[in-house]
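All remarks here apply to the structure that follows.
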2 protein chains.
Amino acid sequence: MTDQAEDRRPLSRRIADQLRKEIESGQHAPGAKLPSQRKLAERFGAVRNTVDEALKILAQEGLVVAEHGRGVFVRVKQPLIRLGSDRYSPKYRESGLSPFLVECAKQGKVGRFEVLGIERIKPDNALADQLKVSDKTKSVVRRENVFYADTDPVYRVTTWIPWRIAQGTGLLQAEVPHQYGIHGVFEDKGHAMARISDEITARMPTPDEVGYLNLSPGVPVIEVMHTSIDQDGEPYEVTRFVMRADMNGLSYNVPVE
Amino acid sequence: MTDQAEDRRPLSRRIADQLRKEIESGQHAPGAKLPSQRKLAERFGAVRNTVDEALKILAQEGLVVAEHGRGVFVRVKQPLIRLGSDRYSPKYRESGLSPFLVECAKQGKVGRFEVLGIERIKPDNALADQLKVSDKTKSVVRRENVFYADTDPVYRVTTWIPWRIAQGTGLLQAEVPHQYGIHGVFEDKGHAMARISDEITARMPTPDEVGYLNLSPGVPVIEVMHTSIDQDGEPYEVTRFVMRADMNGLSYNVPVE
DNA sequence: CAGTAGAACTGGCTCAAGCCAGTTGCGTCA
DNA sequence: TGACGCAACTGGCTTGAGCCAGTTCTACTG
C-alpha cells in the first residue's frame, strides 16, 4: 500500500528521495562523489534525463553540487560566519578588530573587503524617508563593498549616508578617513550609535547576485536592512547586507524591553 | 559582440532571461497568466521541453508559479508578517494580544495556531547543553505548533522546556494553563525574561517542510533558534521557528551595548 | 623522461515525441 | 433548467537519442 502511494509519485522524485536517504544516512559522505548519471540511470532503471532531473532536485535542496566533467558531489556544509547583534559594540571599535575578521580568523580564513564604488546619488522614496532626507536632490552617499573570506565572496554591503553628514569627511574616498572606521567618522560628527534597527528577509538570489556572490543552485540569500540610530533617536545611516545563506547566520543577544 | 556572448548561453536561460525582463518591466503584471508553454515554444523557436526548463528557472527564483492544468502565473508578492524583537515584550502580555495576531489583523487575516503534539523526551546533545539539562533522561518537554494566517500555514514552532520547570504546571496539556500564555507559567516559576538570544539562518526547505508549510518551489525558509534567558542569566526555554520566507520577515530594534 | 594528443570518462543541454492529469467551458440530454 | 460528459485546453513527466564541453588519465612520441 505504501508502495502504491510511492509508485504514483514521479520517478525523478523517487530517485531523489532514495539518494537523499542514502546521503542523510551517511552512505555517501560529504564531499564524496556519487555514481555517474549513466550508472544511476542503469541502477534505477530510468533514462539519464530522469536521473539528471532527480539530481537537479537535490541540488536545489542544497544537498549536492554538480561539477561539469567531474561528477556530482555531496555538498560539504560550510561553517557559518555569525554576524552578531554586538557587531557595532564599542568593544570592537577599540580593539581595532571587526567581528567579521574575528569570525574569519576563528575559521582559519583571511577576511578582506573591496570597495566597488562610491557615489553621491538621489535616494529612492523609501530610503529618503528612512534617513529623513530629500528625495529630490543628491542627498545621500552610497558606498558599495564586497567582503571575502579567503577567496570566497561572502556578502555584499551597500551603505547610504546622508550628504549632510558625509560632507567634508572624506567619505567619498575609498579609504575610510578614521582609525575606528566609518562609525568613528559618525561619532566625530556627533552621532553616537544608541540603537540599531535590523529588518531581515530571505529569498532566492537574483541572477546578478548569483554572479557576484558565486552562488551554486539551492543557496538562498539573507538580506538585512540595517539602520543606525543616534543618541537623539535620529537615524543617520542605512546599510543593506546581502549574504549567502550557506556561509552566514545572524545572532541577536538582546535585552527584553 | 554582446550577441555572440548571449548566443553561447543555453537557450533555456536566454528564454528565462527574456521572460524575467518582461515580468520586471511590468509587461506581465503580478497574478497575470503567461502564454502557454506550447505558445512560448513557438514564439522562441524552441521545443516545449526547453520552455518548461526556462519556466522552472523562473519558478526557482520565486518569480512565477505554475498551476497544473491552469497555466503559469506571475507570482503575487505576499505582504510580510514581521516578527519583531519586541515579540516577548511585557506590553503584549498585558494587552492579551500576541504580535502574530496583531500582524495578521493588520493584513485583514485571521491568525490561529494548532497544537501538533506534546511529548516528554530525551534532548539531543546541543539542546541539553543549551538548556543545561541531562541528555541521558527525558529531561525536556517538547511542544509542536503550526501557525496559520487564514488558511495558509505560516510557520512551524517547536518549543523545548526543561522538565524541572514544566513539571506540575500542566504544560503537558494542549491548553496552556495561564492567562498570559506560556511565559506567564515561566514567570510564576520564577523565570522572568531578561534577555533573548536568537540565532538566524536561511536555507531551502526539506521535503517535509514543503509539505506542511505548503511551499511552492523557490521559497526558502528562515530558521530561528530562540533562547529565553532569565534574570539570573539562566536559559530556561528554547524555541525553533521555521518560517516560510515569502510571508515572513524578522525585525530587531535593539540598544547597542 | 617530459610533454602532449587523444580516448574515455564526466555533466549540460536540446530536440522530438508521447502519455498522463488537472481545469475549463460548452453543448447535449434528461 | 440543471446536471453531466466530453473536447480542448493547461502543465508534468518520461523516454530515447544525440551533440557539446569540461576533466582525467594513459599511452605514445620526441
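Because only heavy atoms are used, hydrogens play no part in the values below, and waters and symmetry mates are left out as well, while side chains stay in. Numbered from 1 within each chain, the chains take letters A, B, ... in sequence-line order.
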Original post:
Would B:Arg87 count as a cation-pi partner of A:Tyr252, with NZ or CZ less than 6.0 Å from the six-membered ring centre and within 45° of the ring normal?
Top reply: no
Subject >> Spacing between B:Glu67 atom CD and D:dG12 atom P, to the nearest angstrom >> reply: 10 Å
Original post:
B:Lys56 NZ to C:dG12 P: how many Å, rounded?
Top reply: 14 Å
Original post:
Are OP1 or OP2 of C:dT10 and a side-chain N or O of A:Ser36 less than 4.0 angstrom apart?
Top reply: yes
Subject >> Note, A:Lys56 side chain near B:Gln60 side chain (heavy atom, < 4.5 Å) >> reply: no
Original post:
Closest to the A:Arg38 side chain: C:dT10, D:dT14, D:dT10?
Top reply: C:dT10
Can you tabulate the close N/O pairs, meaning under 3.5 Å, that link protein atoms to atoms of nucleotides 21-25 of chain C?
{"unit_1": "C:dA21", "atom_1": "N3", "unit_2": "B:His68", "atom_2": "NE2", "d": "3.0"}
{"unit_1": "C:dG22", "atom_1": "N2", "unit_2": "B:Gly69", "atom_2": "O", "d": "3.1"}
{"unit_1": "C:dT24", "atom_1": "OP1", "unit_2": "B:Arg70", "atom_2": "NH1", "d": "2.6"}

Original post:
Can you find a heavy atom in the side chain of B:Leu250 that is under 4.5 Å from one in the side chain of B:Met243?
Top reply: yes
Subject >> Worked verdict on A:Asp246 versus A:Gln78 for side-chain hydrogen bond (donor to acceptor under 3.5 Å, both in side chains) >> reply: CA-CA 7 Å; A:Asp246 63 337; A:Gln78 304 262 4; 5.3 Å; no
Original post:
Taking the side chain of B:Gln37 as heavy atoms from C-beta outward, which of D:dT10, D:dG11, C:dC13 is closest to it?
Top reply: D:dG11
**OP:** Side-chain contact test, heavy atoms from C-beta onward, threshold under 4.5 Å: evaluate it for B:Trp160 versus B:Arg240 and give yes or no.
**Re:** yes
**OP:** Compare side-chain N and O positions of A:Arg9 against OP1 and OP2 of D:dC13 and report whether any pair is under 4.0 Å apart.
**Re:** no
Original post:
Going by the angle between their ring planes, with limits at 30° and 60°, are B:Phe241 and B:His226 parallel, tilted or perpendicular?
Top reply: perpendicular
Original post:
Do the ring centers of A:Phe100 and A:Tyr155 come within less than 6.0 Å of each other?
Top reply: yes
**OP:** Taking the side chain as every heavy atom from C-beta outward, state whether B:Asp135 and B:Asp124 have any atom pair closer than 4.5 Å.
**Re:** no
**OP:** Quick one: label A:Glu53 by what it contacts on the DNA or RNA (base, sugar-phosphate, nothing), any heavy atom closer than 4.0 Å.
**Re:** nothing
Report all interatomic pairs (protein N or O, nucleotide N or O of nucleotides 15-17 of chain D) with separations under 3.5 Å.
{"unit_1": "D:dT15", "atom_1": "OP2", "unit_2": "A:Val47", "atom_2": "N", "d": "3.3"}
{"unit_1": "D:dT15", "atom_1": "OP2", "unit_2": "A:Thr50", "atom_2": "OG1", "d": "2.6"}
{"unit_1": "D:dG16", "atom_1": "O6", "unit_2": "A:Asn49", "atom_2": "ND2", "d": "2.5"}
{"unit_1": "D:dA17", "atom_1": "N6", "unit_2": "A:Asn49", "atom_2": "ND2", "d": "3.4"}

Original post:
A:Asp52 has an atom CG; how far is it from atom P of D:dT14, in whole Å?
Top reply: 12 Å
Original post:
Partners of A:Arg82 by side chain to side chain donor-acceptor pair (under 3.5 Å), sequence neighbours excluded?
Top reply: B:Glu199
Original post:
What's the closest nucleotide to the A:Ala66 side chain, out of D:dG12, D:dT14, C:dG11?
Top reply: C:dG11
